Structures are given as C-alpha cells and as structure tokens.
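A, B, ... follow the sequence lines: proteins, then strands. Residue 1 opens every chain. Since the model is a prediction, treat every value here as computed from it, not as a measurement.
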Protein chains: 2
Amino acid sequence: MPKPDNRRDEILHEASKLFAAKGISSTTVREIGDAVGMLSGSLYHHFPSKDAMVTEIINGYLDDLQARYARVAALNLAPIERLETLILESFKSVELDPEACEIYQNEYNYLRTIPALSNLGQRAKEIQNAWIDTLEEGAARGIFRPDIDAPVCYRFIGNAIWPTARWPRAGRSTPIDHLVRECTTLFMRGLELNPAPFTVDGATTRAASV
Amino acid sequence: MPKPDNRRDEILHEASKLFAAKGISSTTVREIGDAVGMLSGSLYHHFPSKDAMVTEIINGYLDDLQARYARVAALNLAPIERLETLILESFKSVELDPEACEIYQNEYNYLRTIPALSNLGQRAKEIQNAWIDTLEEGAARGIFRPDIDAPVCYRFIGNAIWPTARWPRAGRSTPIDHLVRECTTLFMRGLELNPAPFTVDGATTRAASV
DNA sequence: GTCTATAACCGGATAGAC
DNA sequence: GTCTATCCGGTTATAGAC
C-alpha cells in the first residue's frame with residue numbers, strides 16, 4: 001500500500017508492515033491499533049475483521065501485478081524481450097509494495113484458507129502461465145535451449161525474484177536496475193564466461209560426491 | 001526430522017509438519033498433541049516450551065547443512081565443480097528435511113527472536129560465505145563472468161533452491177536429480193541457446209517499457 | 001510417561017457512550 | 001470516528017494424580 005492518503009489506507013499500510021515483519025497470525029489487532037494511533041476496537045469501524053485487511057492488501061498487490069503482465073502480453077514481444085520485460089515488471093511490482101509481496105510469498109498457505117481469497121489459486125496460475133508460455137515459445141522457436149523444463153525454470157526464476165522483497169531495504173540500498181541487470185544476465189547467459197558449446201546431452205552436472 | 005525412532009523425535013517430526021504447513025504461531029500445542037496422540041500437557045514432559053521444539057528442529061537442520069558445506073570445502077574443488085557440488089548438497093539437505101527448511105525460510109524473522117537461537121545470524125552468514133567465496137574465486141580466475149555481483153548472485157541462487165522445499169511433494173513427484181540438473185544448467189549457462197559473445201559492457205537489459 | 005484439571009493470560013471481536 | 005468496557009474462546013504452561 002504505497003502513500004496512504006486517508007485513515008483507512010494508513011491502517012492497511014501499517015498492518016502490511018507488521019504482517020510482513022512478524023507474520024499475520026502473530027500480529028495482533030492491538031499492535032495494528034498502536035501503530036496507527038488508535039485502539040483496537042476502533043479498527044472495526046473501518047474493517048469487519050483482521051482477515052479483511054489481509055484480503056485488501058493481497059488483492060491490491062495481485063491487481064497491480066496482473067495489470068503489469070497484461071500490458072506485457074499486449075506488446076507481443078519476441079521471447080527474449082518478453083521474458084526480460086516480465087523480469088523488469090516483476091521487480092517493479094516488488095519495489096512498489098514489498099510488504100504485500102512478502103506477505104503473499106510467506107503466507108500463501110494461510111491466505112488460501114481465507115474465503116474472500118478463494119480465487120487465489122486461479123490468479124497464481126495466471127501469473128505462472130505468463131512465464132511458462134514465454135519460456136515454451138522461446139524453446140520451440142530455438143531461441144532458448146530446447147532442453148529446458150519450462151515449469152521448473154519458471155519456478156527457479158520466480159523464486160529468485162519474489163524473495164527480494166525480503167532483502168534488507170530491497171530496491172533501495174541496491175538500486176533496482178542493478179538487480180534487474182544481474183538477474184537478467186544470470187538467467188539469460190549464466191555464470192560461466194565460456195561454457196562448452198551446447199549439445200542436447202551435455203546438460204549433466206559436474207558435482208563431486210561428498 | 002527424518003525417521004523418528006522414539007516418542008520425542010516423533011513429537012518433533014509431527015511439530016515440523018505442522019509448523020511448515022500452518023506457521024509456528026498458528027500451530028497450537030493441542031494440535032501437536034493430537035497429531036502425536038497425546039494431550040497437550042503431556043508434551044511438556046518432553047520439552048519445556050513450544051519454542052524449544054522449534055529450536056531443536058532448526059538446529060538439526062542447520063547442523064546437517066553446515067556439515068555438508070564443510071565436506072564440500074574440504075574437497076578443494078575448482079570453482080565450477082565446487083559451485084555445482086554446493087547446489088547438489090543443498091538440494092539433498094532440502095530433500096532430507098523439507099519441513100525444517102521451509103520453517104527456516106518462512107519464519108526467519110521470528111526465529112531470530114528466540115533467545116536459544118541467538119547464533120542464527122552467524123550461521124546464516126557462514127552458509128552465505130560458502131557460496132560467495134566460490135563465486136568470487138571463479139570470477140577472479142576468469143572462469144565465471146567478471147561482471148557478476150557475487151552477493152547478489154548468491155541470493156538469486158539461494159532463493160531459487162531453498163523454496164523448492166515448498167513445492168508440491170518436492171523431490172518426489174519431480175526427482176531430485178532432475179531439479180539439480182535444471183538448476184545447475186540454468187545458472188551455469190543460462191536460458192539462451194546462442195547468447196551473443198560476452199563483452200564487459202554487454203550486460204544490458206533488452207526489456208521493453210510498458 | 002501420560003492424564004486431568006486448571007491457572008493465568010491473550011486473542012479477535014462487540015456494544016454502546018461520546 | 002474513536003474510546004471504554006467487556007465477552008468469550010483459545011493459548012501456553014503448570015501441578016499433581018495415576
């Protein structure tokens with residue numbers, strides 16, 4: 001919840017910070033009241049329950065993210081550019097509301113139990129498909145390696161991006177363009193300076209056994 | 001906690017599953033008692049508090065992980081092999097005790113507040129350094145790209161690996177060697193089949209603006 | 001080693017005054 | 001729109017019987 005301009009948004013903003021820092025169920029309505037300067041009972045004038053606050057925070061976050069992905073899809077970019085734009089927009093959404101992102105990542109299991117968030121699984125699937133479609137198209141067109149497992153690759157990429165919301169002052173101490181550049185280069189060309197030429201059966205691990 | 005062989009380990013095992021699935025603070029001692037077939041009061045014969053259970057679960061997990069990394073360090077491998085071995089051993093530790101891994105990832109902030117776990121920050125730093133040292137050595141020796149930001153790269157790699165503990169039946173439906181291979185290939189050579197030859201200033205993003 | 005019973009407390013939520 | 005006062009159920013933890 002960026003830039004609260006009224007009492008209600010201020011409550012959501014403070015609640016976000018507490019939920020992200022301590023978890024939803026260990027944050028008490030009394031703490032939320034303290035943070036915003038009112039007594040817990042007064043919160044119930046603005047929201048019917050604690051879970052209603054959570055619901056608004058998460059819906060706002062997902063609305064923004066899905067709107068970004070819809071704009072990316074509308075550009076009809078080639079796979080490389082599309083993937084890099086998804087990375088960029090994902091980092092931007094993390095920067096816009098890191099607390100909401102963190103809550104979504106940390107407490108997905110709990111969020112699924114909130115009746116008002118029953119569409120969560122569907123929304124998660126839509127987000128996932130934006131990535132998987134791009135990866136699969138790139139592999140099919142010979143732009144990405146043909147041996148990639150698109151769903152698994154997406155999860156590695158997603159796992160890399162979303163938890164940056166937890167990083168100490170993410171996107172502030174480390175400027176967001178630096179993160180975007182590191183992430184993009186890492187996933188596009190990898191760590192090795194001069195990898196051996198790609199062959200279909202070449203993807204084996206060189207790990208030693210301990 | 002794999003393979004409980006006594007009542008005490010059984011309690012830890014069931015508690016692990018509940019903490020991982022619902023979070024620590026929303027898991028009640030009554031639920032733990034139910035899961036193990038005793039009343040909540042009886043748990044206190046085995047453990048002085050709920051946090052004491054958490055402490056043992058986390059210490060066991062970190063003991064295993066750090067022992068693995070120590071064995072890797074003792075092999076004195078070259079950067080590529082060392083990094084790939086760290087990846088492999090990390091996946092093995094996730095597979096050995098996914099619940100503990102999940103708790104550690106999900107509730108790091110809360111764990112830090114448990115007095116008996118006051119060394120958590122130090123241990124996290126040691127784990128991190130195993131990776132960063134490898135990345136920096138590889139970059140210095142011209143084996144990895146010279147432009148990598150080692151701490152940031154580590155966090156992307158770690159972020160990719162640890163949350164696999166949360167994946168539906170991680171390491172079961174998807175065999176662990178498949179995950180290791182995908183992860184290793186992804187980070188070593190990236191997604192692109194034929195990336196442009198590396199130049200120092202070439203690491204720019206091709207993302208479109210939405 | 002487990003059970004019963006209970007202490008002492010804290011949680012979300014409500015009702016009505018101002 | 002906020003405060004006071006309170007309800008009630010759930011929470012960890014304890015004490016002592018078996």
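- The side chain of A:Thr28 lies closest to C:dG11, out of C:dT14, C:dG11, D:dA13.
- Dashed line: the shortest gap from a side-chain N or O of A:Tyr44 to OP1 or OP2 of C:dA13 is under 4.0 Å.
- The closest side-chain heavy-atom distance from A:Arg68 to A:Leu96 is below 4.5 Å.
- For B:Lys22 and D:dG10, the NZ to P distance is 13 Å, given to the nearest whole Å.
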Restricting to nitrogen or oxygen on both sides, can you table the protein-nucleotides 3-7 of chain C pairs closer than 3.5 Å?
| residue | atom | partner | partner atom | Å |
| --- | --- | --- | --- | --- |
| C:dC3 | OP2 | B:Leu39 | N | 2.9 |
| C:dC3 | OP2 | B:Ser42 | OG | 3.2 |

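- The shortest distance between the side-chain N/O atoms of A:His45 and the OP1/OP2 oxygens of D:dG1 is below 4.0 Å.
- Separation of the B:Trp167 and A:Phe156 ring centroids falls under the 6.0 Å cut-off.
- Salt bridge present: B:Lys92 and B:Glu89 bring a charged side-chain N and a carboxylate O closer than 4.0 Å.
- Here A:Asp63 pairs with A:Arg123 in a salt bridge; the nearest charged N to carboxylate O distance falls below 4.0 Å.
- The CD1 atom of A:Ile24 sits 12 Å away from the P atom of C:dG12 (whole-angstrom rounding).
- The separation between B:Leu43 atom CG and C:dT2 atom P is 9 Å, rounded to whole Å.
- Separating the CZ atom of A:Phe19 from the C1' atom of C:dG12 is a distance of 12 Å, rounded to the nearest angstrom.
- The side chain of A:His46 has D:dG1 as its nearest neighbour among D:dT12, D:dG1, C:dA13.
- We find that A:Lys17 and A:Glu10 are not joined by a salt bridge, their nearest charged nitrogen and carboxylate oxygen being 4.0 Å or further apart.
- Nucleic acid contact for A:Thr27: sugar-phosphate only, since backbone atoms but no base atoms lie under 4.0 Å from a heavy atom of the residue.
- For B:Arg8 and C:dG1, the shortest distance from a side-chain N or O to OP1 or OP2 is not below 4.0 Å.
- Every stem involving DNA chain C, taken as at least 3 paired positions in a row under the Watson-Crick or G-U wobble test at 3.5 Å, is listed here: C:1-10 with D:9-18, C:12-18 with D:1-7.
- Using a 4.0 Å cut-off between charged side-chain N and carboxylate O, A:Arg206 and B:Glu84 make a salt bridge.
- The backbone N or O of A:Asp149 sits less than 3.5 Å from a side-chain atom of B:Glu182, completing a donor-acceptor pair.
- Although no hydrogens or angles enter the test, the distance criterion places no donor-acceptor pair under 3.5 Å between the side chain of B:Asn119 and the main chain of B:Gln122.
- A:Trp162 and A:Tyr104 form no side-chain donor-acceptor contact under 3.5 Å, judged by distance and modelled atom types alone.
- With rounding to whole Å, A:Asp51 atom CG is found 12 Å from C:dA13 atom C1'.
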